[in-house]
Amino acid sequence: MKNLVIVESPAKAKTIEGFLGKDFTVKSSFGHIRDLPSKKLSVDVDNNYKPDYVIPKDKENLVKELRKLSKEADMVWLASDEDREGEAISWHLQEALGLKTEKTKRIVFHEITKSAILNAVENPRSINVDLVNAQQARRILDRLVGYELSPVLWKKVKPNLSAGRVQSVSVRLIVEREREVESFKSVSAFRVVAFFDVNGMEFKAELSKRFDTIEEARKFISDCQNAEFSVSDLQKKPAKRTPAAPFTTSTLQQEASRKLGFGVTRTMRIAQDLYEQGKITYMRTDSVNLSDLALNAAKEEIEKLYGAEFSQTRKFSSKSKGAQEAHEAIRPTYMSEQKVAGDAAHQRLYDLIWKRTIASQMADAQLERTTISVAVSNSDLGFSAQGEVIKFEGFLKVYLEGTDDEAEDQKGILPNVSVGQQLVAKKIEGSERFSSPPARYTEASLVKKLEELGIGRPSTYAPTISTIIARNYVLKESREGQERKYGYVLLDENGITEETRTEVAGAEKQKLFPTDIGKVVTDFLVENFGEILNYNFTAQVEKEFDEIAEGQKEWTSMIDGFYKPFHKTTVYTEENSERATGERLLGVDPKSGRNVYARLGRFGPMVQIGEADNEEKPKFSSLQAGQSLEEISLEEALDLFKLPREIGEFEGETLLIGVGKFGPYVRHNKSFVSLGSEDPLSITREKAIELIETKREEIKKALISEFTDGDTVIQVKNGRFGPYIAVGKKNYKIPKGTEPESLSLEDCKELIIKQGDKPKRTAKSRK
DNA sequence: CAGTGAGCGAGCTTCCGCTTGACTT
């Protein structure tokens with residue numbers, strides 16, 4: 001073998017091999033091949049921060065293979081990405097494979113096109129040590145922060161917690177947003193809207209002023225009965241709209257969330273499939289750049305589909321500061337392809353990418369914005385209406401970027417009017433509008449915010465959100481809104497009517513909420529480690545990493561400058577700070593006269609009656625889902641101690657209501673049935689029996705057939721993942737294409753023997 | 001599968017970024 005090329009991704013390896021011909025073998029490193037081991041700190045803080053890198057278990061075979069291939073090759077080409085991490089991957093490869101400098105070349109390319117690859121091979125360089133050192137500084141700083149901060153939390157808050165440069169700031173954003181929402185005072189004002197009719201075409205215009213009270217609104221609307229309306233001004237202005245840049249990881253996640261309702265993990269999973277199918281370019285990127293090849297292909301496609309006047313070639317450049325631009329933007333590999341394999345979700349995500357890319361290479365949309373001002377004869381106030389007419393669709397023919405603003409008024413077409421023209425008001429309504437609190441984050445809007453702050457990378461946005469949810473700092477959930485009353489005044493052909501209407505406000509769909517643990521941990525970290533929790537911390541250290549990359553700074557001295565004071569703070573905090581529990585005194589228990597507290601315990605949020613150092617032991621109870629330390633009242637806390645309670649008998653056995661690890665339940669004859677949304681404090685005997693009977697029916701339905709073989713019972717059941725065979729506590733698969741109803745005892749036994757005892761995967765071995 | 005919360009002390013937990021599987025019964 002003459003040449004071995006090593007890239008980061010196997011899909012990329014396959015493509016490039018096609019470009020390079022038979023003298024080149026292209027292999028993938030599957031990302032990093034060495035790292036600090038997870039068991040120990042593995043940074044020698046007393047010896048110039050010397051890192052102890054190891055090859056992880058799951059990479060051993062791969063490294064062995066690459067080592068063997070590199071020995072056989074005349075030349076090894078290290079072709080990992082041209083950014084900090086990519087440079088470090090090449091360096092680790094050189095070290096771990098024991099590559100000699102004279103038979104090692106470093107090459108880079110930003111786009112996977114034949115000319116870019118051939119050009120890269122013509123222009124090799126050596127490894128950039130400064131860039132590698134910038135990566136080491138990044139890696140080691142993150143390790144020091146994470147592995148010194150987390151143990152402080154284990155001591156001061158609760159075991160198994162974690163803290164880090166990225167995750168802790170992410171949680172802080174969510175906690176602070178929640179507090180803004182909690183402290184928000186909504187104010188209301190009356191908005192007055194008139195509906196005018198011009199030759200059968202209706203249009204809507206809003207009064208320039210909002211009234212504070214319904215009396216003022218009613219007075220104005222009532223006076224309108226004797227008023228005349230006329231067009232006082234007419235403004236027409238040309239305007240244009242420009243298409244958004246092609247997708248990066250972050251903007252793809254945002255748009256897939258807004259337009260398709262996908263969570264960020266789902267978006268990335270599907271994008272990965274499309275990438276592996278060869279349908280799109282790499283999906284983890286912060287670049288908006290398109291290759292010349294892609295620009296030409298887009299132009300050709302647009303001219304073919306829509307005509308030459310719709311094409312406009314544009315070069316976008318990244319505005320985000322930390323952008324490392326190792327790849328192209330996310331785009332279709334072949335602009336002419338419209339269909340992809342997979343389910344509807346794959347097709348929809350691909351359509352989105354196709355449209356966004358094509359639209360980015362299309363002409364501006366030309367609009368005409370019209371404003372009609374309407375004077376009221378007996379008032380100084382006036383109405384105004386805004387309309388928009390599209391003169392030339394341009395890119396809007398294909399795609400328009402979504403917004404996070406829910407309340408965007410649709411601007412429609414306005415009728416032709418002239419200044420001085422009299423108008424007839426069909427109806428005028430005044431309705432009370434409330435100001436809304438800042439919006440809680442969705443996964444995607446959090447990613448947007450993190451990117452703005454330069455925190456995290458395309459490959460970590462989705463995993464970071466998974467981490468803070470897994471640590472129970474944050475919950476992703478939907479909440480129902482509450483009914484709210486608002487005042488309403490209407491003037492129409494029947495005269496004035498006034499009423500109180502209701503609307504639902506504050507409903508949330510798949511939003512991020514902080515938990516009590518998230519709040520307590522954030523408060524603790526902000527108080528004691530303000531520097532790291534600062535929103536600019538990452539931006540500051542990134543500046544220093546850049547200086548290291550440019551050879552202006554030594555990485556060990558940068559780390560030393562950070563670590564010395566940081567370490568001092570951790571030691572000081574461990575010795576001096578109180579346990580952080582978020583404790584609140586709720587009041588006094590009328591029965592015992594002892595204090596009632598809400599606080600965070602070793603197992604989570606709870607309420608407590610009495611103190612620990614008293615002779616009488618305190619009583620404890622966990623908070624229920626939906627309750628929080630900051631909001632729970634004395635009454636709600638005392639209610640928690642009313643459980644477990646008996647609510648009668650059924651079939652000769654007691655019915656016991658309680659709340660366990662998995663929520664409220666009714667226990668009957670050793671079996672548990674979840675109460676669902678029923679309130680454990682008020683549920684009746686009848687309702688509980690109903691739940692038990694429903695559960696029994698479900699179990700019956702789940703059982704397809706049952707056999708007895710001597711002492712053993714073999715069941716064919718319907719489960720979450722489809723039909724399966726159950727014997728005792730062991731489960732066995734049923735091959736695809738087999739009707740579970742048709743299985744006989746003999747068939748089942750055969751399947752069981754064939755599958756034997758396979759080693760079980762545990763939660764631990766998965767990671 | 002349906003508590004626990006003191007204190008003792010063992011041993012465990014933890015970071016961010018680069019990549020894909022294997023496989024849920």
Side-chain angles (χ1 to χ4, degrees), chain A residues 7-12 28-36 38-43 58-59 62 80-81 83-86 88-89 92 135 138-154 158-168 272 275-276 282 284 326 455-461 463-464 467 471 538 581 599-608 611-614 617-622 644 656 658-667 670-674 717-726 730-734 755 758 760-761 763 765-766:
Chain A
V7 296
E8 288 177 38
S9 138
K12 199 165 162 180
S28 159
S29 74
F30 294 82
H32 275 292
I33 53 137
R34 293 204 308 187
D35 192 15
L36 302 171
S38 64
K39 286 270 160 228
K40 284 169 41 197
L41 181 68
S42 308
V43 176
D58 58 331
K59 288 292 173 82
L62 172 73
S80 48
D81 296 344
D83 57 11
R84 208 161 61 199
E85 297 296 329
I89 287 173
H92 279 301
Q135 191 274 348
R138 198 282 305 156
R139 179 69 190 92
I140 286 162
L141 179 120
D142 282 337
R143 171 52 67 95
L144 292 171
V145 169
Y147 275 44
E148 290 219 356
L149 226 43
S150 301
V152 179
L153 294 181
W154 304 341
K158 196 169 115 59
N160 302 316
L161 296 177
S162 65
R165 174 177 59 82
V166 173
Q167 59 168 285
S168 297
Q272 173 93 31
Y275 169 66
E276 286 169 11
Y282 198 59
R284 291 187 277 262
I455 299 171
R457 302 281 314 135
S459 66
T460 62
Y461 294 136
T464 297
T467 300
R471 295 268 174 275
T538 291
T581 64
R599 69 177 175 92
L600 195 62
R602 278 204 296 147
F603 308 105
M606 57 144 173
V607 285
Q608 170 181 343
E611 284 90 8
D613 45 4
N614 257 337
K617 271 195 174 173
K619 289 200 284 183
F620 303 96
S621 176
S622 292
L656 188 75
V659 176
K661 205 171 176 177
F662 311 103
Y665 62 87
V666 51
R667 197 176 80 183
K670 284 179 201 154
S671 80
F672 293 84
V673 179
S674 170
K717 291 165 111 177
N718 233 330
R720 264 200 303 153
F721 307 110
Y724 66 102
I725 300 168
K730 282 211 158 80
N731 298 322
Y732 301 88
K733 276 189 264 192
I734 295 172
Q755 290 174 45
K758 271 186 282 180
K760 278 223 164 182
R761 285 161 64 86
S765 70
R766 202 172 297 145

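So you know, we letter chains A, B, ... as the sequences are listed, proteins then strands, and number each from 1. Here the structure is a predicted model, which is why all the values come from computation and not from measurement.
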Arg84(A) has an atom CZ; how far is it from atom C1' of dG17(B), in whole Å? 10 Å

Rounded to the nearest Å, what distance is computed from the CZ atom of residue Arg602(A) to the P atom of nucleotide dT4(B)? 12 Å

Which residues pass the ring-ring contact (aromatic ring centres under 6.0 Å, His included) test with Phe672(A), not counting sequence neighbours? Tyr665(A)

Side chain of Pro159(A) - closest among dC15(B), dG17(B), dT13(B): dT13(B)

Which residues pass the side chain to side chain donor-acceptor pair (under 3.5 Å) test with Gln608(A), not counting sequence neighbours? Arg599(A)

Touch check for Pro10(A), heavy atoms < 4.0 angstrom, all strands: base, sugar-phosphate only, or nothing? sugar-phosphate

What residues, two or more places apart in sequence or in another chain, satisfy side-chain contact (heavy atoms from CB on, under 4.5 Å) together with Arg471(A)? Ser162(A), Thr467(A), Tyr473(A)

Dot-bracket for DNA chain B, 5' to 3', with Watson-Crick and G-U pairs under 3.5 Å, [ ] for crossing pairs and | for other-strand pairs: what is it? .........................

Tyr147(A): ring-ring contact (aromatic ring centres under 6.0 Å, His included) partners, not counting sequence neighbours: none

dT14(B) base stacked by Trp154(A)? Criteria: ring centres under 5.5 Å, plane angle under 30°. no

Using a cut-off of 4.0 Å on non-hydrogen atoms, how would the nucleic acid contact of Val166(A) be classed: base, sugar-phosphate, or nothing? sugar-phosphate

Salt bridge (Lys or Arg N to Asp or Glu O under 4.0 Å) partners of Asp142(A), counting only residues at least two apart: Arg138(A), Arg165(A)

Once you apply a heavy-atom cut-off of 4.0 Å, does Arg667(A) come out as touching a base, just sugar-phosphate, or nothing? nothing

